[in-house]
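Just below is one structure, and these are the notes that go with it.
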Amino acid sequence: MMEAHQQRGRTHTSLPSLITLIAIVSPLASAVPSLTNDSKCECYLTNGTQASFFATHKFLDFRNLAEHAGVPPTITKPNDSGSAPVTSEYFTSKEWTEAFWVLSWNNSHQIREDATVLMVNSPNNVYIEANGDRNPSSQTWLTLRTQRLKDFQTASEIESVAPGFQYLSVRMLARTVGSPGAITALFTYRDADRLADVQESDLEVRTMDPRNTIQYTNQPSYTEEGEEIDHATKNITLPPGHPDWTHWAVHRLDWTPKETVWYVDGTEVATISFQTPRDPSKVILNAWSDGGEWSGNMTVDDAAYLQIQWLEIVYNATDENPAKRKRDGGGVAAVMLRERDKDGEGGCDVVCSIDETPEPGKPVMLWNNGAMRMVGGGLVAWIPSLVTFGMLALISGGLW
């Protein structure tokens, strides 16, 4: 009892000192973040339950592309649809071709056994569209279209050029509109010969479902024998006050080593730690239907659309040099307090955010340890780390 009392005494004695330290340094570390550009950022810190550091930021903006806008007529023959060219010069631009491919595969090899209709992905279904909303918030958006025709389902899919994303936070300002019988999706994907070895984190809208429900999954969600895997998927009803999927909202998928977390307009709506992907993957978006049980069977001439105003990703990739950039999808303290090597390499001095910014696509600088070290040296250089370390100490000690 005496020993326990002494330990409690030491804890309470150190607590005021820790609070005093945080009170002194917090104002220096909590200034309003300022807009910056990617060239000045060494890493990006996301918010949320799995706050993580990422090395690279990419932003694709489809809101002001009026010179490329136009809705192409649907191609009604399967072969012509699959071999169609891209719909505008935007899809041959460096901005696009360094980020995504427009795909043209079909399901003639029965990729899904319950498919009842031929599905053909066509470049003709990926296009820039003028914003026709009553109160438009942009000039244009990117559209992915799927439509049921007499002899087949024409569909659309885009895939990241880079196959080596290994942990990321991807978000899109998007909505889904159109008829029942289609799927629109954003997901990470790593193929495999065996279904059990596929690695995939999904955000899927089924247009036959109620408009306030979205399906989130760490695939596979079923076995080769067709049995469902209960812990792999969640069908979520959006919280009250959140727009349904026919309205514009920021949909976000965070893939971290521990779990996949999904958000809508900044609110966490689902978390799955079961069979979280672990290996380098692609990012894919699509709009499709094959007449099967999952997608439903769309009525002939009906269509559905995934419309996207912008797409943003912060990520780590397998081609980064770990000796130069020691950034991962792990915990906050692990990166902030990481020691530098003997040559002064590694770590992350300039930390930015895409969550705290008032302007999508433009990061804000949270802190710059290098600048503070040059100005003040010593303790001032590690103010943010000390604040975080202090908070972690309070939490782990049961004092918070």
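Residue numbers run from 1 in the order of the sequence given. Please read these numbers as outputs of a predicted model, since none were measured by experiment.
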Requested in this report: Fit a plane to each ring of Tyr315 and Phe165, take the angle between them on a 0 to 90° scale, and name the class: parallel (under 30°), tilted (30 to 60°) or perpendicular (over 60°).
Outcome: perpendicular

Report task. Determine, stepwise, if the pair Thr246 / Asp244 fulfils side-chain hydrogen bond (donor to acceptor under 3.5 Å, both in side chains). Result -> CA-CA 6 Å; Thr246 66; Asp244 65 48; 2.4 Å; yes

**Report entry** Within-4.5 Å side-chain heavy-atom neighbours: Leu142 and Ile128
**Finding:** yes

Report task. Heavy atoms only: give me the nearest Leu35-Lys362 pair and the separation to one decimal. Result -> CD2-O, 3.8 Å

Report task. Return yes when atom CD of Glu67 has more than 12 non-hydrogen atoms of other residues, nucleotides or ligands closer than 6.0 Å, and no otherwise. Result -> yes

**Report entry** Min side-chain heavy-atom separation Arg145-Val71 under 4.5 Å
**Finding:** yes

Requested in this report: Quick one: do Gln309 and Ser137 satisfy side-chain hydrogen bond (donor to acceptor under 3.5 Å, both in side chains)? Show the steps, please.
Outcome: CA-CA 9 Å; Gln309 290 197 36; Ser137 58; 3.0 Å; yes

Query - CZ/Phe274: more than 12 non-hydrogen atoms of other groups inside 6.0 Å - result: yes

Report task. Scan side-chain atoms only and decide if Trp255 and Gln166 contain a donor-acceptor pair under the 3.5 Å cut-off. Result -> no

Query raised in the report: Taking atom types as modelled, is there a side-chain donor on Glu259 or Thr256 under 3.5 Å from an acceptor on the other?
Result: no

Query raised in the report: Hey, is the main chain of Tyr167 close enough, under 3.5 Å, to the side chain of Asn316 for a donor-acceptor pair?
Result: no

Requested in this report: Determine whether the side chains of Asp202 and Gln219 contain a donor N or O and an acceptor N or O closer than 3.5 Å.
Outcome: yes

Report task. Carefully, step by step, assess Ser295 and Ser289 under the rule side-chain hydrogen bond (donor to acceptor under 3.5 Å, both in side chains). Result -> CA-CA 5 Å; Ser295 67; Ser289 177; 3.3 Å; yes

Query raised in the report: Can you name the closest pair of heavy atoms from Pro220 and Ala232 and give their distance?
Result: O-CB, 3.6 Å

Query raised in the report: Out of Trp248, Phe62, Tyr127, which residue meets the ring pair (Phe, Tyr, Trp, His ring centres under 6.0 Å) rule with Trp141?
Result: Trp248

Requested in this report: Using the six-membered ring wherever Trp is involved, compare the ring planes of Phe91 and Trp96 and label them parallel, tilted or perpendicular (cut-offs 30° and 60°).
Outcome: perpendicular

Report task. Evaluate whether the separation between SG of Cys348 and SG of Cys43 stays below 2.5 angstrom. Result -> yes

Query raised in the report: With distance as the sole test, does Thr207 use its side chain to make a donor-acceptor pair with the main-chain N or O of Ser179 at under 3.5 Å?
Result: yes

Query raised in the report: Can Ser201 and Thr260 be counted as having a side-chain donor-acceptor contact under 3.5 angstrom?
Result: yes

**Report entry** Flag, side chain of Thr357 to backbone of Ile354, donor-acceptor distance under 3.5 Å
**Finding:** no

**Report entry** Shortest non-hydrogen contact between His57 and Pro363, atoms and distance
**Finding:** CE1-CD, 4.2 Å

**Report entry** Donor on one side chain, acceptor on other, Asp254 and Ser169, under 3.5 Å
**Finding:** yes

Query raised in the report: Ser281 and Gln199: side-chain donor and acceptor closer than 3.5 Å?
Result: no

Requested in this report: Give a yes-or-no answer on whether the side chains of Asn297 and Arg148 include a donor-acceptor pair shorter than 3.5 Å.
Outcome: yes

Query raised in the report: Considering residues, nucleotides and ligands other than Asp133, do more than 12 of their heavy atoms fall under 6.0 Å from its CG?
Result: yes

Query raised in the report: Would you say the side-chain atoms of Thr143 and Gln307 include a donor-acceptor pair closer than 3.5 Å?
Result: no

Query raised in the report: Donor-acceptor pair, Asp290 side chain versus Val117 backbone, under 3.5 Å?
Result: no

**Report entry** Within 6.0 angstrom of Trp294 CH2, more than 12 heavy atoms from elsewhere
**Finding:** yes

Report summary line: Asn124 and Ala84 have their tightest heavy-atom pair at CB-CB, 4.0 Å

Query raised in the report: Is a side-chain N or O of Glu159 found less than 3.5 angstrom from the main chain of Phe100, in a donor-acceptor match?
Result: no

Query raised in the report: Can Asn235 and Gln215 be counted as having a side-chain donor-acceptor contact under 3.5 angstrom?
Result: yes

Query raised in the report: Would you say the side-chain atoms of Ser81 pair up with the backbone N or O of Asn79, donor to acceptor, closer than 3.5 Å?
Result: no

